[in-house]
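Keep in mind that the numbers below use all heavy atoms, side chains included, and drop hydrogens, waters and symmetry copies. These numbers were taken from a predicted model, which means no experiment stands behind them.
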Amino acid sequence: MPVEFLGIAATGDGSETTPRSTAAFDRDYTLRLARAHEDHGWDRVLFAYGAGSPEPAAAAAFLASHLDRLQILLAHRPNVSYPTFAAKTFATLDQISDGRLTVHFITGGSDHEQQREGDFLSKDERYERTREYIGIVKKAWTSREPFDHEGAHYRFNDFVSDVFPVQQPRPGVSFGGSSDAAYAAGGAEADVYCLWGEPLARTAEQIERVKEAARAAGRTDVPRIQVAFRPIIAPTEELAWEKAHRTVAAIRARRESGELVRRGRPLGAVTPENTGSQRLIEIAEAGERYDRALWTPTAAATGGAGNSNALVGTPETVAEALLDYYDLGVDILSARGYHLLDDAIDFGRHVIPIVREEVAKRDAAKAAAAAEHAERTERDRHQLIAVQA
């Protein structure tokens with residue numbers, strides 16, 4: 001299966017290493033960054049969600065109306081709208097984008113962040129709500145007849161939408177998390193299951209957990225797997241590692257000065273509640289370097305905040321590292337640098353073509369091996385028939 005690349009659809013130019021110089025929503029920068037992705041081989045971009053951030057569905061509609069090819073991954077938290085309203089919003093956006101939408105449902109890993117918008121459910125209750133929410137959205141996307149619903153978190157009668165997605169039967173559903181509750185919910189409902197970059201062995205364990213959860217939910221298929229990294233590339237290994245150490249020094253300096261704020265709090269000010277961030281901290285405490293190019297000090301410097309483990313090296317080294325994950329069964333690779341625009345261009349120019357070429361070779365070799373096996377099996381069958389005759 002062809003590999004896919006996911007970038008970031010930031011609406012402002014700041015990152016962990018540099019303060020933002022634009023408004024929170026800057027039309028020109030949003031479009032410029034998206035065009036850089038579209039022009040340099042990326043498949044889709046993520047519109048992330050934060051309690052105080054610009055509303056991502058509106059920003060995604062702006063982008064979709066200006067670009068023709070780039071696909072959209074829209075992050076959405078179930079606490080911010082009723083599922084029937086959300087289903088109409090997503091269907092309308094799928095119409096605007098002519099079928100380029102996937103929705104990433106976020107349960108929420110921080111009580112403080114959820115409570116900033118009035119969500120006071122416990123973590124387990126949030127996962128239960130998300131699973132119910134996704135089920136309603138899927139039905140609203142596909143049902144042409146009115147339906148009722150009475151569940152633990154939502155109740156309504158006689159709903160039917162008048163707007164449906166371009167994609168049939170529906171847009172894709174993306175989901176992430178590393179807790180037992182996340183595996184259960186995402187394994188049951190997700191088309192794409194998202195993980196943060198971890199060492200290969202631990203990623204393989206998580207992939208197996210997702211598969212087990214899908215089987216436990218009665219599925220005959222399994223979600224596609226997406227893994228996210230922060231690539232740090234340069235023309236030589238020496239320059240790449242110099243760049244990596246400058247990057248982590250900048251993160252630490254901004255964190256120590258109190259400049260680095262995420263979700264209303266100084267970054268790393270409290271121990272993270274979500275299992276994914278706890279895993280990143282644990283991995284960083286156990287070692288700085290793993291496998292071919294995985295580097296953990298960037299995650300340690302942010303307190304395990306989100307997608308924060310780096311891949312460091314030349315474009316060839318980073319591409320080979322990504323191919324190691326592809327060989328595990330990962331076919332959506334998420335990447336975001338620290339200078340969003342320049343890094344999106346560099347990664348698209350120098351890393352994506354290598355990965356795509358090598359994946360094509362691997363897929364061709366697998367297809368040839370499968371054809372040879374089928375031919376051999378058929379030949380053996382005919383020989384057996386001849387002997388029996």
Side-chain angles (χ1 to χ4, degrees), residues 1-6 40-44 69 71 99-100 102 167-175 183 186-195 197-229 291-294 311 313-335 347-389:
M1 179 180 293
V3 69
E4 296 182 13
F5 287 92
L6 170 70
H40 291 89
W42 298 78
D43 296 285
R44 59 173 54 84
R69 300 188 309 276
Q71 298 178 56
R100 287 181 281 148
T102 299
Q167 298 176 77
Q168 293 299 312
R170 58 173 177 78
V173 167
S174 171
F175 189 90
Y183 293 133
E189 297 291 349
D191 301 302
V192 175
Y193 201 99
C194 306
L195 304 170
E198 294 187 4
L200 289 164
R202 295 191 63 146
T203 300
E205 292 169 1
Q206 290 212 78
I207 292 173
E208 187 54 38
R209 290 292 306 276
V210 173
K211 291 179 178 178
E212 290 171 358
R215 289 192 291 266
R219 292 177 61 169
T220 56
D221 64 336
V222 295
R224 300 171 68 200
I225 302 297
Q226 173 184 303
V227 177
F229 303 96
D291 306 318
R292 196 185 299 268
L294 191 73
L311 292 176
T314 64
E316 293 78 13
T317 296
V318 171
E320 288 296 329
L322 292 170
L323 287 162
D324 290 338
Y325 287 91
Y326 177 81
D327 290 339
L328 283 183
V330 176
D331 58 6
I332 303 175
L333 299 169
S334 174
F347 188 88
R349 283 177 174 167
H350 303 299
V351 178
I352 289 178
I354 298 173
V355 177
R356 290 200 193 279
E357 182 179 355
E358 289 302 317
V359 166
K361 290 178 182 178
R362 282 164 163 77
D363 289 350
K366 289 177 184 176
E372 182 181 349
H373 176 74
E375 182 180 345
R376 186 168 58 250
T377 300
E378 184 67 12
R379 185 169 58 247
D380 292 346
R381 187 179 71 85
H382 283 294
Q383 289 175 349
L384 179 60
I385 291 172
V387 170
Q388 291 174 339

request  = Considering non-hydrogen atoms only, spot the tightest contact between I332 and V330 and give its length.
outcome  = O-CG1, 3.6 Å

task = For residues P315 and V351, determine if any side-chain heavy atom of one lies less than 4.5 Å from a side-chain heavy atom of the other.
result = yes

task = Report the C-alpha separation of Y325 and L294 in whole Å, then their side-chain angles, then the decisive distance to 0.1 Å, and conclude whether the side-chain contact (heavy atoms from CB on, under 4.5 Å) test is met.
result = CA-CA 11 Å; Y325 287 91; L294 191 73; 4.2 Å; yes

task = Kindly give the heavy-atom pair with the smallest separation between G348 and P353, and that separation in Å.
result = O-CD, 3.2 Å

ask   = In terms of heavy-atom contacts, does CD of E375 have more than 12 from other residues, nucleotides or ligands at under 6.0 Å?
value = no

ask   = With sequence neighbours excluded, what pairs up with Q71 under the side-chain contact (heavy atoms from CB on, under 4.5 Å) test?
value = R44, R100

inquiry  = Could you check whether atom NE2 of H382 has more than 12 heavy atoms from other residues, nucleotides or ligands sitting under 6.0 Å from it?
reply    = yes

ask   = Can you name the nearest heavy-atom pair linking A335 to F347, along with the distance?
value = CB-CZ, 3.8 Å

query = Quick one: which of R362, R224, R356 gives a salt bridge (charged side-chain N to carboxylate O under 4.0 Å, His left out) with D331?
reply = R224

Taking every non-hydrogen atom, the tightest pair across D324 and R292 = OD2-NE, 2.9 Å

key: Side-chain heavy-atom pair V355, F5 within 4.5 angstrom cut-off   = yes

query = For R349, what residues pass the side chain to side chain donor-acceptor pair (under 3.5 Å) criterion, not counting sequence neighbours?
reply = none

ask   = To the nearest 0.5 Å, how far apart are CZ in R209 and CG in L195?
value = 11.5 Å

request  = With rounding to the nearest 0.5 Å, note down the distance linking OG1 in T102 to CZ in R170.
outcome  = 10.0 Å

inquiry  = Is the ring pair Y193/F175 parallel, tilted or perpendicular, if the boundaries are 30 and 60 degrees?
reply    = tilted

note = In short, G197 meets V227 closest at the heavy-atom pair CA-CG1, 3.6 Å

remark   = Note: H40 and I352 closest approach over all heavy atoms is O-CD1, 3.9 Å

note = With sequence neighbours left out, the residues meeting side-chain contact (heavy atoms from CB on, under 4.5 Å) with S334 are L6, Q226, A228

task = Test salt bridge (charged side-chain N to carboxylate O under 4.0 Å, His left out) on R202 and D291 and set out the steps.
result = CA-CA 11 Å; R202 295 191 63 146; D291 306 318; over 6 Å; no

inquiry  = Before you tell me yes or no, could you show the steps for E208 and R215 under salt bridge (charged side-chain N to carboxylate O under 4.0 Å, His left out), namely the whole-Å CA-CA distance, both residues' side-chain angles and the distance that decides it to 0.1 Å?
reply    = CA-CA 11 Å; E208 187 54 38; R215 289 192 291 266; 3.0 Å; yes

